[in-house]
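Proteins get letters first, then strands, A, B, ... in listed order; numbering begins at 1 in each. It should be emphasised that the depicted structure is a prediction, and the values quoted were computed from it without experimental measurement.
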Amino acid sequence: MYVAVKGGGRAISAAHAWLDETRRGDPSLPELGVAQIEQQMGLAVDRVMAEGSCHDRFLAALAIKQSKGDLIEAAFLLRAYRTTLVRFGASDPIETAAMRLRRRISATYKDLPGGQVLGPTFDYTHRLLDFALAAEGAPREAAPEAGAPVGEVPRVTELLAREGLMQREVPDDAEPGDLTRQPLAFPAARPVRLQNLARGDEGFLLALGYSTQRGYGGNHPFVGEIRVGHVAVDFTPPELGFAIDIGDIAITECQMVNQFAGSRTEPAQFTRGYGLVFGHGERRAMGMALVDRALRAQELGEDVTAPAQDAEFVLYHSDNIEATGFVEHLKLPHYVDFQSELENLRTIRRSAMQDLAE
Amino acid sequence: MAVLARAPADDIAALLPALPAHDRLRAPETGLVMVRGRAGGDGAPFNLGEMTVTRCAVRLGDAVGHAYVAGRDKRQAELAALVDAALQDPAHHDALMAAVIAPLAARQQAVRDAEARRAAATRVEFFTMATMR
(Lines give C-alpha, C1' and ligand atoms only; values in the text may rest on other atoms or scores of the structure.)
Protein backbone atom coordinates (compact mmCIF):
# COMPACT_ATOMS: atom_id res chain seq x y z
CA MET A 1 0.00 0.00 0.00
CA TYR A 2 1.30 3.44 -0.88
CA VAL A 3 0.82 6.07 1.80
CA ALA A 4 1.38 9.69 0.78
CA VAL A 5 2.95 11.72 3.55
CA LYS A 6 3.87 15.33 3.86
CA GLY A 7 5.63 17.39 6.45
CA GLY A 8 8.95 18.89 7.31
CA GLY A 9 8.01 22.43 6.32
CA ARG A 10 8.87 23.90 9.67
CA ALA A 11 12.11 21.91 9.92
CA ILE A 12 13.15 23.10 6.46
CA SER A 13 12.55 26.78 7.29
CA ALA A 14 14.51 26.42 10.50
CA ALA A 15 17.35 24.69 8.63
CA HIS A 16 17.48 27.49 6.08
CA ALA A 17 17.45 30.16 8.78
CA TRP A 18 20.41 28.44 10.40
CA LEU A 19 22.12 28.19 7.00
CA ASP A 20 21.79 31.98 6.63
CA GLU A 21 23.30 32.45 10.04
CA THR A 22 26.26 30.14 9.39
CA ARG A 23 26.84 31.86 6.06
CA ARG A 24 27.29 35.13 7.87
CA GLY A 25 29.59 33.56 10.46
CA ASP A 26 30.67 35.55 13.50
CA PRO A 27 28.68 38.81 13.35
CA SER A 28 31.46 40.66 15.15
CA LEU A 29 33.54 40.31 11.96
CA PRO A 30 32.86 42.52 8.93
CA GLU A 31 30.61 40.99 6.29
CA LEU A 32 32.26 39.91 3.03
CA GLY A 33 31.18 42.11 0.11
CA VAL A 34 30.43 40.67 -3.34
CA ALA A 35 32.95 43.11 -4.82
CA GLN A 36 35.60 41.78 -2.43
CA ILE A 37 34.94 38.23 -3.59
CA GLU A 38 35.01 39.35 -7.21
CA GLN A 39 38.36 41.09 -6.71
CA GLN A 40 40.12 38.91 -4.17
CA MET A 41 38.79 35.43 -4.96
CA GLY A 42 39.21 35.95 -8.70
CA LEU A 43 40.13 32.39 -9.61
CA ALA A 44 37.11 31.00 -7.74
CA VAL A 45 34.98 33.48 -9.71
CA ASP A 46 36.62 32.26 -12.94
CA ARG A 47 35.86 28.64 -12.12
CA VAL A 48 32.23 29.38 -11.33
CA MET A 49 31.83 31.34 -14.58
CA ALA A 50 33.35 28.43 -16.53
CA GLU A 51 31.31 25.66 -14.89
CA GLY A 52 28.22 27.83 -14.65
CA SER A 53 28.80 28.50 -18.37
CA CYS A 54 27.99 32.20 -17.96
CA HIS A 55 30.54 35.00 -18.14
CA ASP A 56 29.53 37.56 -15.49
CA ARG A 57 31.98 38.22 -12.68
CA PHE A 58 29.50 39.89 -10.34
CA LEU A 59 26.91 37.10 -10.63
CA ALA A 60 29.59 34.45 -10.07
CA ALA A 61 30.87 36.31 -6.99
CA LEU A 62 27.34 36.65 -5.63
CA ALA A 63 26.79 32.91 -6.17
CA ILE A 64 30.00 32.17 -4.23
CA LYS A 65 28.81 34.30 -1.34
CA GLN A 66 25.39 32.64 -1.34
CA SER A 67 26.90 29.14 -1.51
CA LYS A 68 29.33 29.85 1.33
CA GLY A 69 32.22 29.12 -1.03
CA ASP A 70 30.86 25.79 -2.33
CA LEU A 71 31.89 26.32 -5.96
CA ILE A 72 29.77 23.55 -7.46
CA GLU A 73 26.71 24.92 -5.64
CA ALA A 74 27.68 28.38 -6.95
CA ALA A 75 27.93 27.11 -10.55
CA PHE A 76 24.50 25.51 -10.06
CA LEU A 77 23.05 28.86 -8.92
CA LEU A 78 24.54 30.60 -11.95
CA ARG A 79 23.19 27.97 -14.37
CA ALA A 80 19.77 28.30 -12.78
CA TYR A 81 19.87 32.09 -13.08
CA ARG A 82 20.85 32.03 -16.76
CA THR A 83 17.69 30.12 -17.59
CA THR A 84 15.69 33.22 -16.56
CA LEU A 85 17.31 35.41 -19.25
CA VAL A 86 16.42 35.63 -22.92
CA ARG A 87 19.10 34.85 -25.43
CA PHE A 88 19.80 37.61 -27.94
CA GLY A 89 21.80 35.30 -30.22
CA ALA A 90 25.29 33.91 -30.72
CA SER A 91 28.50 35.89 -31.11
CA ASP A 92 30.87 35.68 -34.02
CA PRO A 93 33.63 33.19 -33.12
CA ILE A 94 36.14 34.99 -30.90
CA GLU A 95 39.54 35.70 -32.42
CA THR A 96 42.00 34.25 -29.90
CA ALA A 97 44.98 35.21 -32.10
CA ALA A 98 44.09 38.85 -31.33
CA MET A 99 43.88 38.29 -27.56
CA ARG A 100 45.21 40.99 -25.24
CA LEU A 101 47.71 38.84 -23.39
CA ARG A 102 48.47 38.78 -19.70
CA ARG A 103 50.29 35.50 -20.06
CA ARG A 104 51.61 33.43 -22.93
CA ILE A 105 53.98 30.51 -22.60
CA SER A 106 55.15 27.67 -24.81
CA ALA A 107 56.86 24.48 -23.67
CA THR A 108 57.89 23.58 -27.22
CA TYR A 109 60.04 26.55 -28.21
CA LYS A 110 62.35 28.62 -26.06
CA ASP A 111 62.69 31.46 -28.49
CA LEU A 112 59.48 32.22 -30.27
CA PRO A 113 58.04 35.41 -31.67
CA GLY A 114 56.52 37.33 -28.78
CA GLY A 115 58.56 35.42 -26.20
CA GLN A 116 57.60 33.68 -22.99
CA VAL A 117 55.38 36.02 -20.96
CA LEU A 118 54.76 34.65 -17.48
CA GLY A 119 51.98 36.99 -16.32
CA PRO A 120 50.49 36.66 -12.82
CA THR A 121 51.30 32.98 -12.18
CA PHE A 122 51.69 30.59 -9.23
CA ASP A 123 54.37 28.76 -11.23
CA TYR A 124 57.83 29.11 -9.69
CA THR A 125 56.41 30.07 -6.29
CA HIS A 126 57.68 27.89 -3.46
CA ARG A 127 54.25 26.88 -2.20
CA LEU A 128 55.17 27.97 1.30
CA LEU A 129 52.36 29.47 3.35
CA ASP A 130 52.86 33.20 3.44
CA PHE A 131 52.07 34.36 6.94
CA ALA A 132 52.67 37.94 5.87
CA LEU A 133 49.25 37.74 4.16
CA ALA A 134 47.66 37.11 7.55
CA ALA A 135 48.67 40.64 8.50
CA GLU A 136 46.08 42.65 6.63
CA GLY A 137 46.68 46.12 5.27
CA ALA A 138 50.41 45.66 4.71
CA PRO A 139 51.61 47.96 1.93
CA ARG A 140 52.19 46.16 -1.35
CA GLU A 141 54.71 47.01 -4.02
CA ALA A 142 53.31 47.78 -7.45
CA ALA A 143 54.13 45.22 -10.14
CA PRO A 144 56.90 46.47 -12.41
CA GLU A 145 56.17 47.71 -15.91
CA ALA A 146 58.44 47.33 -18.91
CA GLY A 147 59.02 50.03 -21.53
CA ALA A 148 57.73 48.06 -24.52
CA PRO A 149 54.29 46.53 -24.09
CA VAL A 150 53.33 43.01 -25.19
CA GLY A 151 51.44 43.18 -28.46
CA GLU A 152 49.75 40.58 -30.65
CA VAL A 153 51.84 37.46 -31.08
CA PRO A 154 51.46 34.60 -33.60
CA ARG A 155 50.13 31.20 -32.58
CA VAL A 156 52.65 28.42 -32.05
CA THR A 157 50.40 25.94 -33.85
CA GLU A 158 50.34 28.29 -36.84
CA LEU A 159 54.17 28.30 -36.96
CA LEU A 160 54.10 24.49 -37.11
CA ALA A 161 51.19 24.34 -39.54
CA ARG A 162 52.97 26.67 -41.96
CA GLU A 163 55.74 24.06 -42.23
CA GLY A 164 53.19 21.31 -42.71
CA LEU A 165 54.19 19.74 -39.39
CA MET A 166 50.84 20.32 -37.67
CA GLN A 167 47.50 19.06 -38.84
CA ARG A 168 45.32 22.02 -39.76
CA GLU A 169 41.82 22.40 -38.41
CA VAL A 170 39.15 21.81 -41.01
CA PRO A 171 37.59 25.15 -41.92
CA ASP A 172 33.90 24.59 -41.41
CA ASP A 173 31.25 27.20 -40.77
CA ALA A 174 28.40 24.81 -40.05
CA GLU A 175 26.09 25.89 -37.20
CA PRO A 176 27.48 24.11 -34.12
CA GLY A 177 25.26 21.95 -31.92
CA ASP A 178 24.21 23.56 -28.64
CA LEU A 179 23.87 21.50 -25.46
CA THR A 180 21.69 24.15 -23.85
CA ARG A 181 19.10 23.56 -26.58
CA GLN A 182 19.49 19.93 -27.70
CA PRO A 183 20.32 17.00 -25.43
CA LEU A 184 23.60 15.18 -25.94
CA ALA A 185 23.44 12.51 -28.68
CA PHE A 186 26.05 10.12 -30.05
CA PRO A 187 28.22 10.15 -32.02
CA ALA A 188 28.90 13.66 -30.69
CA ALA A 189 30.60 16.06 -33.13
CA ARG A 190 33.72 17.87 -31.95
CA PRO A 191 31.97 21.24 -31.44
CA VAL A 192 29.49 19.61 -29.07
CA ARG A 193 32.31 17.78 -27.28
CA LEU A 194 34.21 21.04 -26.84
CA GLN A 195 31.14 22.80 -25.43
CA ASN A 196 30.63 19.96 -23.00
CA LEU A 197 34.29 19.99 -21.88
CA ALA A 198 34.45 23.80 -21.62
CA ARG A 199 31.83 23.69 -18.87
CA GLY A 200 32.87 20.33 -17.42
CA ASP A 201 34.07 19.81 -13.88
CA GLU A 202 37.67 20.88 -13.45
CA GLY A 203 38.51 17.92 -11.22
CA PHE A 204 37.03 15.48 -13.73
CA LEU A 205 38.95 17.04 -16.65
CA LEU A 206 42.14 17.09 -14.60
CA ALA A 207 41.84 13.44 -13.55
CA LEU A 208 41.01 12.23 -17.06
CA GLY A 209 43.81 14.33 -18.57
CA TYR A 210 46.16 12.85 -15.98
CA SER A 211 44.99 9.34 -16.85
CA THR A 212 46.02 9.89 -20.49
CA GLN A 213 49.49 10.95 -19.35
CA ARG A 214 49.80 7.81 -17.24
CA GLY A 215 49.13 5.54 -20.20
CA TYR A 216 45.35 5.24 -20.42
CA GLY A 217 45.05 6.43 -24.01
CA GLY A 218 48.22 8.50 -24.06
CA ASN A 219 49.37 10.54 -27.00
CA HIS A 220 52.52 12.19 -25.67
CA PRO A 221 51.45 15.81 -25.30
CA PHE A 222 53.46 19.02 -25.26
CA VAL A 223 52.06 22.39 -24.30
CA GLY A 224 52.37 24.16 -27.64
CA GLU A 225 50.96 27.30 -26.10
CA ILE A 226 48.92 28.63 -23.21
CA ARG A 227 47.38 32.08 -23.53
CA VAL A 228 45.58 33.99 -20.79
CA GLY A 229 44.00 37.38 -21.38
CA HIS A 230 41.06 39.28 -22.77
CA VAL A 231 39.36 39.07 -26.10
CA ALA A 232 36.71 41.27 -27.70
CA VAL A 233 33.31 39.74 -28.47
CA ASP A 234 31.63 40.72 -31.72
CA PHE A 235 27.89 40.26 -32.00
CA THR A 236 25.57 40.95 -34.92
CA PRO A 237 22.20 42.21 -33.65
CA PRO A 238 19.46 41.19 -36.10
CA GLU A 239 18.08 44.75 -36.22
CA LEU A 240 21.48 46.17 -37.24
CA GLY A 241 22.71 43.47 -39.61
CA PHE A 242 26.39 44.21 -38.95
CA ALA A 243 28.75 43.11 -36.18
CA ILE A 244 29.43 45.38 -33.21
CA ASP A 245 32.01 44.97 -30.46
CA ILE A 246 30.07 44.45 -27.22
CA GLY A 247 33.00 44.28 -24.80
CA ASP A 248 35.71 41.96 -23.51
CA ILE A 249 35.70 38.58 -21.82
CA ALA A 250 38.55 36.89 -19.95
CA ILE A 251 39.65 33.56 -21.40
CA THR A 252 42.38 30.93 -21.23
CA GLU A 253 43.40 28.94 -24.29
CA CYS A 254 45.59 25.84 -24.42
CA GLN A 255 46.98 24.30 -27.60
CA MET A 256 48.33 20.84 -26.86
CA VAL A 257 50.70 19.40 -29.48
CA ASN A 258 50.40 15.62 -29.69
CA GLN A 259 51.91 12.71 -31.47
CA PHE A 260 51.67 12.08 -35.10
CA ALA A 261 49.03 10.91 -37.43
CA GLY A 262 49.85 10.07 -41.01
CA SER A 263 48.91 7.70 -43.76
CA ARG A 264 50.24 6.35 -47.03
CA THR A 265 49.04 9.44 -48.82
CA GLU A 266 49.79 12.01 -46.11
CA PRO A 267 53.12 12.38 -44.33
CA ALA A 268 53.09 12.26 -40.53
CA GLN A 269 52.00 15.42 -38.70
CA PHE A 270 51.49 16.55 -35.14
CA THR A 271 47.87 16.55 -34.01
CA ARG A 272 46.21 18.95 -31.61
CA GLY A 273 44.08 18.95 -28.54
CA TYR A 274 42.31 22.20 -27.77
CA GLY A 275 41.22 23.82 -24.55
CA LEU A 276 39.32 27.11 -24.24
CA VAL A 277 37.65 28.29 -21.04
CA PHE A 278 36.20 31.41 -19.43
CA GLY A 279 38.46 33.27 -17.03
CA HIS A 280 41.97 32.39 -15.94
CA GLY A 281 41.90 28.60 -15.73
CA GLU A 282 45.06 26.95 -16.99
CA ARG A 283 44.59 23.64 -15.23
CA ARG A 284 41.10 23.34 -16.65
CA ALA A 285 42.18 24.43 -20.18
CA MET A 286 45.03 21.88 -20.13
CA GLY A 287 42.76 19.10 -18.89
CA MET A 288 40.25 20.01 -21.59
CA ALA A 289 42.94 19.93 -24.30
CA LEU A 290 44.19 16.51 -23.18
CA VAL A 291 40.69 15.07 -23.12
CA ASP A 292 39.75 16.72 -26.45
CA ARG A 293 42.74 14.99 -28.06
CA ALA A 294 41.90 11.66 -26.40
CA LEU A 295 38.34 11.88 -27.71
CA ARG A 296 39.68 12.30 -31.26
CA ALA A 297 41.12 8.75 -31.11
CA GLN A 298 38.63 7.23 -33.51
CA GLU A 299 38.92 10.07 -36.03
CA LEU A 300 42.73 9.71 -35.98
CA GLY A 301 42.64 5.93 -36.39
CA GLU A 302 43.65 4.99 -32.84
CA ASP A 303 42.16 2.13 -30.80
CA VAL A 304 39.62 3.25 -28.22
CA THR A 305 40.78 1.45 -25.09
CA ALA A 306 40.87 3.99 -22.25
CA PRO A 307 38.15 5.87 -20.35
CA ALA A 308 39.32 9.27 -21.62
CA GLN A 309 38.82 8.09 -25.23
CA ASP A 310 35.27 6.90 -24.62
CA ALA A 311 33.03 9.80 -25.65
CA GLU A 312 29.90 8.47 -23.93
CA PHE A 313 31.73 7.90 -20.68
CA VAL A 314 33.43 11.30 -20.73
CA LEU A 315 30.60 13.50 -21.98
CA TYR A 316 27.88 11.92 -19.84
CA HIS A 317 29.89 12.35 -16.63
CA SER A 318 31.77 15.62 -17.07
CA ASP A 319 29.03 17.97 -15.90
CA ASN A 320 29.19 18.54 -12.17
CA ILE A 321 25.72 20.09 -11.99
CA GLU A 322 24.16 16.94 -13.46
CA ALA A 323 26.45 14.72 -11.42
CA THR A 324 25.73 16.45 -8.14
CA GLY A 325 22.01 16.38 -8.89
CA PHE A 326 21.94 12.65 -9.42
CA VAL A 327 24.31 11.75 -6.61
CA GLU A 328 22.68 14.11 -4.10
CA HIS A 329 19.15 13.08 -4.96
CA LEU A 330 19.96 9.92 -3.01
CA LYS A 331 19.48 12.07 0.10
CA LEU A 332 15.81 12.57 -0.72
CA PRO A 333 13.28 10.23 0.88
CA HIS A 334 13.36 6.77 -0.72
CA TYR A 335 11.19 5.29 2.04
CA VAL A 336 8.90 3.33 -0.27
CA ASP A 337 11.68 2.03 -2.53
CA PHE A 338 13.57 0.93 0.51
CA GLN A 339 10.55 -0.80 2.05
CA SER A 340 10.20 -2.92 -1.07
CA GLU A 341 13.89 -3.83 -0.97
CA LEU A 342 13.54 -4.79 2.69
CA GLU A 343 10.53 -6.91 1.88
CA ASN A 344 12.47 -8.68 -0.90
CA LEU A 345 15.45 -9.34 1.29
CA ARG A 346 13.27 -10.73 4.09
CA THR A 347 11.51 -13.07 1.66
CA ILE A 348 14.82 -14.34 0.24
CA ARG A 349 16.20 -14.96 3.71
CA ARG A 350 13.02 -16.67 4.83
CA SER A 351 13.06 -19.09 1.95
CA ALA A 352 16.79 -19.76 2.41
CA MET A 353 16.19 -20.56 6.10
CA GLN A 354 13.35 -22.91 5.17
CA ASP A 355 15.58 -24.69 2.62
CA LEU A 356 18.27 -25.10 5.28
CA ALA A 357 15.78 -26.44 7.80
CA GLU A 358 14.48 -29.04 5.34
CA MET B 1 30.31 51.23 -29.73
CA ALA B 2 33.47 49.35 -28.72
CA VAL B 3 34.42 52.29 -26.49
CA LEU B 4 30.95 52.77 -25.00
CA ALA B 5 30.64 49.02 -24.37
CA ARG B 6 33.70 49.21 -22.10
CA ALA B 7 32.85 52.48 -20.33
CA PRO B 8 31.16 52.55 -16.92
CA ALA B 9 27.84 54.45 -16.91
CA ASP B 10 29.20 57.12 -14.55
CA ASP B 11 32.10 57.84 -16.90
CA ILE B 12 29.78 58.30 -19.90
CA ALA B 13 27.34 60.43 -17.91
CA ALA B 14 30.15 62.63 -16.58
CA LEU B 15 31.18 63.51 -20.13
CA LEU B 16 27.70 64.16 -21.48
CA PRO B 17 26.98 67.85 -20.88
CA ALA B 18 23.21 67.49 -20.62
CA LEU B 19 21.13 64.46 -21.38
CA PRO B 20 18.92 65.34 -24.35
CA ALA B 21 15.29 64.29 -24.20
CA HIS B 22 14.77 60.97 -25.94
CA ASP B 23 12.21 58.20 -26.31
CA ARG B 24 12.90 54.64 -25.34
CA LEU B 25 12.12 52.37 -28.27
CA ARG B 26 13.28 49.37 -26.31
CA ALA B 27 13.76 49.75 -22.58
CA PRO B 28 17.11 48.45 -21.29
CA GLU B 29 16.92 44.67 -21.09
CA THR B 30 19.51 42.17 -19.86
CA GLY B 31 19.88 38.88 -21.68
CA LEU B 32 22.53 36.48 -22.91
CA VAL B 33 24.77 36.10 -25.92
CA MET B 34 26.23 32.68 -26.61
CA VAL B 35 29.96 33.18 -27.08
CA ARG B 36 31.51 31.05 -29.79
CA GLY B 37 35.08 29.87 -30.12
CA ARG B 38 36.76 27.82 -32.84
CA ALA B 39 38.25 24.33 -32.45
CA GLY B 40 42.02 24.74 -32.37
CA GLY B 41 41.55 28.51 -32.51
CA ASP B 42 40.82 28.55 -36.24
CA GLY B 43 38.64 25.50 -36.99
CA ALA B 44 34.95 24.75 -36.72
CA PRO B 45 32.94 27.07 -34.42
CA PHE B 46 31.64 25.73 -31.11
CA ASN B 47 29.56 27.19 -28.27
CA LEU B 48 31.90 28.14 -25.45
CA GLY B 49 29.34 29.51 -23.00
CA GLU B 50 27.09 32.50 -22.50
CA MET B 51 27.76 36.03 -21.31
CA THR B 52 25.37 38.61 -19.91
CA VAL B 53 24.61 41.48 -22.28
CA THR B 54 22.29 44.47 -21.89
CA ARG B 55 20.62 46.10 -24.85
CA CYS B 56 18.65 49.28 -25.36
CA ALA B 57 17.27 51.31 -28.25
CA VAL B 58 16.31 55.00 -28.12
CA ARG B 59 14.97 57.58 -30.53
CA LEU B 60 16.54 61.02 -30.53
CA GLY B 61 14.93 63.30 -33.08
CA ASP B 62 15.00 61.26 -36.30
CA ALA B 63 17.90 59.07 -35.28
CA VAL B 64 17.58 55.64 -33.66
CA GLY B 65 20.43 54.61 -31.40
CA HIS B 66 21.17 50.99 -30.50
CA ALA B 67 23.40 49.56 -27.83
CA TYR B 68 24.47 46.06 -26.85
CA VAL B 69 26.96 46.13 -23.99
CA ALA B 70 28.57 43.33 -21.98
CA GLY B 71 27.26 43.00 -18.44
CA ARG B 72 24.04 43.98 -16.70
CA ASP B 73 24.30 47.76 -16.37
CA LYS B 74 21.04 49.14 -17.75
CA ARG B 75 22.08 52.76 -17.33
CA GLN B 76 25.24 52.15 -19.34
CA ALA B 77 23.22 50.52 -22.15
CA GLU B 78 20.79 53.45 -22.28
CA LEU B 79 23.57 56.04 -22.28
CA ALA B 80 25.42 54.12 -24.98
CA ALA B 81 22.27 53.99 -27.14
CA LEU B 82 21.74 57.69 -26.60
CA VAL B 83 25.29 58.55 -27.65
CA ASP B 84 24.90 56.22 -30.65
CA ALA B 85 21.79 58.16 -31.71
CA ALA B 86 23.42 61.55 -31.13
CA LEU B 87 26.48 60.56 -33.17
CA GLN B 88 24.27 60.01 -36.22
CA ASP B 89 23.59 63.74 -36.42
CA PRO B 90 26.36 65.12 -38.68
CA ALA B 91 26.08 68.52 -36.97
CA HIS B 92 27.08 67.03 -33.61
CA HIS B 93 29.15 64.05 -34.64
CA ASP B 94 32.65 65.52 -34.47
CA ALA B 95 32.07 67.50 -31.29
CA LEU B 96 30.61 64.46 -29.54
CA MET B 97 33.46 62.24 -30.69
CA ALA B 98 35.94 64.71 -29.24
CA ALA B 99 34.04 65.38 -26.02
CA VAL B 100 32.84 61.86 -25.11
CA ILE B 101 34.37 59.07 -27.17
CA ALA B 102 37.97 60.32 -27.37
CA PRO B 103 38.49 60.77 -23.59
CA LEU B 104 36.87 57.39 -22.84
CA ALA B 105 38.99 55.72 -25.52
CA ALA B 106 42.14 57.34 -24.14
CA ARG B 107 41.34 56.15 -20.62
CA GLN B 108 40.71 52.59 -21.84
CA GLN B 109 43.89 52.61 -23.90
CA ALA B 110 45.92 53.75 -20.90
CA VAL B 111 44.62 50.84 -18.81
CA ARG B 112 45.39 48.42 -21.65
CA ASP B 113 48.88 49.83 -22.12
CA ALA B 114 49.67 49.60 -18.42
CA GLU B 115 48.59 45.96 -18.45
CA ALA B 116 50.63 45.21 -21.58
CA ARG B 117 53.70 46.81 -19.99
CA ARG B 118 53.16 44.82 -16.81
CA ALA B 119 52.94 41.65 -18.93
CA ALA B 120 56.12 42.66 -20.76
CA ALA B 121 57.94 42.97 -17.44
CA THR B 122 57.28 39.24 -16.92
CA ARG B 123 58.79 38.28 -20.30
CA VAL B 124 61.63 35.80 -19.85
CA GLU B 125 65.06 36.76 -21.08
CA PHE B 126 67.11 33.63 -21.55
CA PHE B 127 70.85 33.66 -21.32
CA THR B 128 73.14 30.79 -22.19
CA MET B 129 75.06 29.03 -19.45
CA ALA B 130 78.62 27.74 -20.05
CA THR B 131 78.53 25.18 -22.84
CA MET B 132 79.13 21.59 -21.76
CA ARG B 133 81.75 19.66 -23.73
Side-chain angles (χ1 to χ4, degrees), chain A residues 53-56 59 82 85-94 96-97 100-103 110 115-119 143-146 148-151 155 157 169-174 176 178 190-191 194-195 198-199 232-233 235 237 239-240 244-249 253 255 272 274 276 278, chain B residues 1-7 25-26 29-55 57 64-73 76-77 80 84 108-109 111-126 128:
Chain A
S53 198
C54 182
H55 193 288
D56 188 309
L59 292 180
R82 67 154 281 282
L85 298 175
V86 323
R87 186 186 288 179
F88 298 150
S91 79
D92 295 349
I94 52 175
T96 55
R100 250 174 35 240
L101 298 170
R102 293 165 77 94
R103 172 166 166 81
K110 176 166 74 73
Q116 310 272 355
V117 177
L118 301 182
E145 292 184 8
V150 170
R155 284 200 180 97
T157 46
E169 293 290 348
V170 188
D172 172 9
D173 273 323
D178 184 354
R190 191 158 174 230
L194 289 171
Q195 181 182 12
R199 59 188 211 157
V233 179
F235 173 64
E239 66 272 31
L240 290 182
I244 55 171
D245 180 343
I246 59 173
D248 294 326
I249 56 167
E253 181 185 50
Q255 300 267 11
R272 41 179 132 188
Y274 188 64
L276 182 68
F278 281 154
Chain B
M1 193 46 67
V3 171
L4 295 168
R6 289 169 176 79
L25 291 179
R26 176 191 270 149
E29 175 193 18
T30 297
L32 297 166
V33 164
M34 175 56 91
V35 179
R36 288 193 173 154
R38 287 187 181 276
D42 53 6
F46 69 96
N47 292 306
L48 172 62
E50 288 159 318
M51 66 188 283
T52 53
V53 173
T54 302
R55 66 179 175 186
V64 174
H66 294 274
Y68 280 75
V69 300
R72 287 167 305 105
D73 189 339
Q76 180 199 7
D84 181 54
Q108 290 166 17
Q109 192 57 44
V111 172
R112 265 182 227 147
D113 285 350
E115 181 171 283
R117 283 197 302 273
R118 215 166 284 167
T122 68
R123 184 183 273 140
V124 179
E125 281 158 31
F126 290 103
T128 310

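Side-chain atoms of A/Arg272 come within 3.5 Å of backbone atoms of B/Gly40 as a donor-acceptor pair (strictly under, hydrogens ignored). With A/Ser91 contributing its side chain and B/Arg36 its backbone, the two residues share a donor-acceptor pair below 3.5 Å.
Most heavy-atom pairs under 4.5 Å with chain A, from the set B/Met1, B/Glu125, B/His66: that is B/His66. For chain B, the option among A/Thr157, A/Ile246, A/Val233, A/Ile94 with the highest count of heavy-atom pairs below 4.5 Å is A/Ile246. Top candidate by heavy-atom pairs under 4.5 Å with chain B, chosen from A/Ala97, A/Ala148, A/Pro144, is A/Pro144. Each of B/Thr30, B/Leu4, B/Val35 has some count of heavy-atom pairs under 4.5 Å with chain A, and the biggest count is that of B/Val35. Note: B/Gly41 leads B/Ala119, B/Gly71, B/Gly41 in heavy-atom pairs under 4.5 Å with chain A. When the candidates A/Glu169, A/Gln255, A/Arg190 are compared by the number of heavy-atom contacts under 4.5 Å with chain B, A/Glu169 comes out ahead. Heavy-atom pairs under 4.5 Å with chain B peak, among A/Ala143, A/Gly89, A/Gly151, at A/Gly89. By number of non-hydrogen pairs under 4.5 angstrom with chain A, the leading residue of B/Gly37, B/Ala80, B/Ala39 is B/Ala39.
For the residue pair A/Pro191 and B/Ala44, the shortest heavy atom distance occurs at CG-CB, 4.4 Å. Residues B/Arg6 and A/Ala232 share a closest heavy-atom pair of NH2-CB, 3.4 Å. Nearest heavy atom pair, residue B/Leu48 against residue A/Ser53, reads O-OG, 4.1 Å. The nearest pair of heavy atoms linking A/Asp173 to B/Pro45 is OD1-CG, 3.8 Å. Looking at every heavy atom in both residues, A/Gly247 comes nearest to B/Ala5 through N-CB, 4.0 Å. When all heavy atoms are compared, the tightest approach of A/Ala146 to B/Ala121 is CB-N, 3.6 Å.
Residue A/Leu101 touches chain B through its backbone alone, counting heavy-atom pairs closer than 4.5 Å. With a 4.5 angstrom heavy-atom cutoff, A/Arg155 touches chain B only via side-chain atoms. The part of A/Val170 that comes within reach of chain B is its backbone (N, CA, C, O), which places non-hydrogen atoms under 4.5 angstrom from that chain. For A/Ala198, the part lying near chain B is the side chain, with the backbone staying farther off; criterion is any non-hydrogen pair under 4.5 Å. Heavy atoms of A/Ile249 lying under 4.5 Å from chain B belong exclusively to its side chain. For B/Ala114, the parts lying under 4.5 angstrom from a heavy atom of chain A are both the backbone and the side chain. With a threshold of 4.5 angstrom between heavy atoms, A/Arg87 approaches chain B through its backbone and through its side chain.
Note that the CZ atom of B/Arg38 and the CD atom of A/Glu253 stand 12.5 Å from one another [nearest 0.5 Å]. With rounding to the nearest 0.5 Å, the separation of OG1 in B/Thr52 from CZ in A/Phe88 is 10.0 Å. Of the inter-residue distances, the one linking A/Leu85 atom CG with B/Glu50 atom CD reads 8.5 Å to the nearest 0.5 angstrom. Note that the CG atom of B/Asp42 and the OG1 atom of A/Thr96 stand 8.0 Å from one another [nearest 0.5 Å]. The structure places CG of B/Asp84 at 8.0 Å from CD1 of A/Ile244, a figure rounded to the nearest 0.5 Å. Put simply, CE on B/Met51 and CZ on A/Phe278 are 8.0 Å apart, with the number rounded to the nearest 0.5 Å.
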Exercise. Apply side chain to side chain contact (heavy atoms under 4.5 Å, CB included) to the pair B/Arg72 and A/Asp56, showing each step before the final yes or no.
Key: CA-CA 9 Å; B/Arg72 287 167 305 105; A/Asp56 188 309; 2.7 Å; yes

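In this pair, A/Tyr274 and B/Phe46 present their aromatic rings perpendicular. The plane angle is above 60°, beyond the 30 to 60° band.
Taking the charged nitrogens against the carboxylate oxygens, A/Glu239 and B/Arg26 do have a contact shorter than 4.0 Å, which makes a salt bridge.
Between A/Arg82 and B/Leu32 there is a side-chain heavy-atom pair separated by less than 4.5 Å.
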